[in-house]
Amino acid sequence: MSKMLEKVMDAVDLETFIVAKNEEEGRKMALSLMRELGFKDADLVFIQFQGAGVRVRLRGYVYKPGDQYKWLLSEEE
């Protein structure tokens, strides 16, 4: 995990447009994007098919409640 992501308290939200044939293909591609960005846990918050593809909002979790927060355990830089 990058030093910057270690400082995130909970999650990172991403909104984008993905070229896809239909909503289902867009859904799969969006979650694949989050895995490629290094998020092991991600949710699709919003999806809307719009002709050439899908408008998506995604949330990649850095920490969930109960996790050990690295920013809490390490010294401030």
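From a predicted model like this one, the values you see are computed outputs, not experimental measurements. In this chain, numbering begins with 1 at the start of the sequence shown.
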Partner residues of K64 under the side-chain hydrogen bond (donor to acceptor under 3.5 Å, both in side chains) criterion, sequence neighbours left out: D41
Cluster link F46 to I18, ILVMFWY, side chain under 4.5 Å: no
Pair V12-L37, side chain to side chain contact (heavy atoms under 4.5 Å, CB included): steps then yes or no: CA-CA 11 Å; V12 174; L37 291 173; over 6 Å; no
Side chains of residues 53-62: which donor-acceptor pairs under 3.5 Å do they make with residues two or more places apart or in other chains?
{"from": "R55", "atom 1": "NH1", "to": "T16", "atom 2": "O", "distance (Å)": "3.4"}
{"from": "R57", "atom 1": "NE", "to": "E15", "atom 2": "OE1", "distance (Å)": "3.3"}
{"from": "R59", "atom 1": "NE", "to": "D13", "atom 2": "OD1", "distance (Å)": "2.7"}
{"from": "R59", "atom 1": "NH2", "to": "D13", "atom 2": "OD2", "distance (Å)": "2.9"}
{"from": "Y61", "atom 1": "OH", "to": "D43", "atom 2": "OD2", "distance (Å)": "2.9"}

Under 3.5 Å, sequence neighbours excluded: what are the donor-acceptor pairs made by side chains of residues 22-35?
{"from": "N22", "atom 1": "OD1", "to": "E24", "atom 2": "N", "distance (Å)": "3.2"}
{"from": "N22", "atom 1": "OD1", "to": "E25", "atom 2": "N", "distance (Å)": "2.8"}
{"from": "E23", "atom 1": "OE2", "to": "R27", "atom 2": "NH2", "distance (Å)": "3.0"}
{"from": "E25", "atom 1": "OE1", "to": "K21", "atom 2": "N", "distance (Å)": "2.4"}

